[in-house]
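A short worksheet on the structure shown next.
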Amino acid sequence: MARSSFQTSEFVRRSNKILVCVRLHKMTVRTRIAPSPTGSPHVGTAYMALFNLAFARKHGGKMILRIEDTDQSRSTKESEDAILSSLKWLGLCWDEGPDCGGEFGPYRQSERIEIYKEAIQKLVDAGYAYPCFCTAERLNEVRKRQIENKETPRYDGHCLSLSKEEIEQKMQAGEKYVYRLKIPDEGACEFEDELRGKVSIEWSQVDHQIIQKSDGFPTYHLASVVDDYHMKISHVIRGEEWINSTPKHILLYEGFGWKPPSFAHLPLLRNPDKSKLSKRKNPTSIDYYKDAGFIPEAVVNYLGMMGYTLPDQREIFDLEEMSESFDIKRMSLGGPIFDIAKLKWLNGRYLREKLSPDEVLQRMLAWKANPEFLGKILPLALQRLETLSDFFPLAQFLLNDAPEYTIDALAGKLEPGIPAKLLKIAEWELEKISSWDRESLSSLFQKIAETEELKLKQILSPFFVAISGSTVSLPLFDSLALLGPDLARTRIRIALEKLAVEGVGLSKKGLKKLEKEYAQKYGNRID
RNA sequence: GCUCGUGUGGUGUAGUUCGGUCCAUCAUGUCGCCCUCUCGAGGCGACGACCCGGGUUCAAAUCCCGGCACGAGCACCA
């Protein structure tokens with residue numbers, strides 16, 4: 001009896017060991033998120049991070065964070081820092097990354113340039129890539145003609161016919177060039193998507209993608225494939241927006257002679273009008289949700305229920321609970337609409353069910369009810385105080401999500417249409433400022449006043465209302481500075497929407513006209 | 001425009017793999033009622049959906065075909 005049970009357990013032990021070996025050897029799950037540090041931390045990044053994490057955790061694997069900063073003109077260190085700290089705030093933590101290192105670093109693409117150079121040479125040698133000397137003018141012309149002929153715009157392979165001598169000559173002459181991926185002339189690329197099954201895309205639809213820019217930096221496609229391979233990524237879980245370029249990636253793996261990872265393309269978060277979530281229509285910055293008083297647990301929980309349900313349909317869960325039973329096949333494929341009303345409900349439940357009153361108090365203190373923040377408001381309010389009790393009513397708009405006001409207050413005494421125009425211009429101009437402080441904000445509005453040939457005082461009234469809810473309030477520029485870019489922008493957007501529903505906003509035509517006028521007076525927009 | 005992807009109430013979803021147990025689940029939202037000093041929270045209830053048209057079948061949300069709608073991609077951006 002004792003002996004046989006010993007044998008049994010010995011057998012189980014041994015076969016477990018074998019199983020574990022097989023898993024470790026073949027199946028070590030490694031997923032990644034690869035944000036590009038070109039703006040404020042996006043909820044979509046958090047969404048992808050959450051599912052990559054849940055998948056990795058479920059399979060006892062790791063998630064890697066890699067910074068994709070190959071666009072040197074747009075990438076900033078501030079943005080990188082902001083993204084890392086926002087993800088940390090949410091509690092979505094990575095096992096390897098630029099801040100904590102790891103076995104397969106560096107984790108910032110700008111620090112891996114040599115690896116890509118070598119990789120591209122390998123591709124050229126293998127006949128998968130070639131140099132291209134075409135000018136932007138020629139490319140534009142080709143594209144124009146193709147669109148006229150209703151074809152998918154695509155490089156025509158012009159430089160493919162260059163001889164070795166011609167190439168050498170051009171390079172020696174110092175002509176600018178890029179490297180392109182050579183796409184097969186016919187057939188289709190078929191690949192397996194973990195969620196959607198077989199996907200087939202004709203090669204004729206795929207462009208001869210530039211894989212190295214003329215500044216010597218690789219593009220996303222090349223860099224991410226090379227890094228995913230070197231970082232031993234087993235499962236690429238990313239947004240649906242990448243499906244159409246997956247053939248390029250598969251071809252790159254083939255060119256290198258590497259085995260591609262599995263791919264899973266998740267649906268994209270949507271605006272209420274079903275378009276891809278964008279800051280024009282919805283707050284997309286993680287910082288907005290933090291500033292507006294949401295707590296990280298609720299935000300993560302909410303993102304988790306976008307497209308996913310636990311097997312028992314429970315709605316309140318954390319990352320750990322989600323990971324335990326996580327099955328990527330349970331994802332819904334329709335793009336979920338990011339519904340702030342439901343997020344608020346969920347956040348409320350966390351506040352009253354998951355946290356104790358004392359914990360809620362601590363959160364509030366850490367959030368804005370602290371000496372530092374209130375201390376910054378006080379100097380602005382002081383001249384306006386007669387009693388201590390005057391303070392909070394004055395400061396209210398700096399502590400709440402958004403103020404309330406009437407459309408009449410917003411429209412003010414300005415001519416109809418002017419408030420909307422000013423708000424829109426400011427929205428665009430605010431995208432351009434490099435640092436969000438009193439000085440920059442002040443000069444921004446001075447500039448608008450000058451350009452629009454109005455007095456500063458005149459243009460400011462709609463902003464006072466949009467930001468504070470009243471024309472009688474604390475100084476605007478200081479208030480904006482304290483509010484931060486995300487809350488401020490959202491308030492301007494809300495004001496614009498209010499004007500639009502009242503019929504005194506910008507019509508489609510008006511907006512087009514304003515866009516042109518803006519480009520002329522203020523230069524190009526950044527979106 | 002071309003290509004790919006996706007379609008269950010206003011919104012998030014279960015059910016679709018292997019057709020019946022689905023005159024379709026749960027939640028949110030809106031409205032109403034109860035509780036309560038008000039409001040809120042909580043409880044209860046109502047409203048509201050299988051994109052459309054064919055086909056297969058005794059039986060279709062589920063399988064097949066054809067439409068339609070929506071989204072994404074089509075950059076020296078990622």
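We name chains A, B, ... by the order of the sequence lines, and we start the count at 1 in each one. A quick note: this is a predicted structure, and the numbers were derived from the prediction, not measured. Basis for what follows: all heavy atoms, side chains included, without hydrogens, waters or symmetry-related copies.
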Listed partners of [X] passing salt bridge (charged side-chain N to carboxylate O under 4.0 Å, His left out), at least two apart:
X: Asp291(A); result: none
X: Glu324(A); result: none
X: Arg330(A); result: none
X: Glu515(A); result: Arg525(A)

Intra- and interstrand pairs of RNA chain B - dot-bracket, Watson-Crick/G-U under 3.5 Å, | marks other strand: (((((((..(((.......[.....)))((((((.......))))))...(((((..]....))))))))))))....
Summary of protein contacts for nucleotides 4-14 of chain B, nucleotide by nucleotide, where a base hit scores B, a sugar-phosphate-only hit scores S (4.0 Å, heavy atoms): SSS----SBSS
Which residues share a ring pair (Phe, Tyr, Trp, His ring centres under 6.0 Å) with [X], sequence neighbours left out:
X: Phe256(A); result: Trp258(A)
X: His158(A); result: none
X: Trp89(A); result: none

Pairwise 5' ranking along RNA chain B for Ser275(A) and Leu139(A), keeping only the more 5' one: Ser275(A)
Phosphate contact (G42(B) OP1 or OP2) by Arg352(A) side-chain N/O below 4.0 Å: yes
Arg143(A) side-chain N/O to A75(B) phosphate OP1/OP2 under 4.0 Å: yes
C35(B) to A49(B) separation - C1' atoms, rounded to the nearest Å: 33 Å
Closest to side chain of Ser214(A), choosing from A78(B), G1(B), C76(B): C76(B)
Minimum-distance nucleotide to Trp345(A) side chain [options: A78(B), A75(B), A27(B)]: A27(B)
ring-ring contact (aromatic ring centres under 6.0 Å, His included) contacts touching residues 123-153 of chain A (sequence neighbours left out): Tyr130(A)-His208(A), Phe133(A)-Tyr177(A)
Touch class at under 4.0 angstrom, heavy-atom based, for Thr38(A) against every strand present: nothing
Within-4.5 Å side-chain heavy-atom neighbours: Leu319(A) and Arg57(A): yes
What's the [atom1]-[atom2] distance between [X] and [N], to the nearest Å?
X: Lys144(A); N: C74(B); atom1: NZ; atom2: P; answer: 21 Å
X: Trp203(A); N: C74(B); atom1: CH2; atom2: P; answer: 16 Å
X: Tyr179(A); N: A75(B); atom1: OH; atom2: P; answer: 22 Å

Pairs touching residues 205-229 of chain A that satisfy salt bridge (charged side-chain N to carboxylate O under 4.0 Å, His left out), sequence neighbours left out: Arg32(A)-Asp228(A), Arg66(A)-Asp227(A), Arg66(A)-Asp228(A), Arg112(A)-Asp227(A)
Below 3.5 Å between N/O atoms, which protein atoms pair up with nucleotides 31-40 of chain B? Just atom names and distances, please.
none

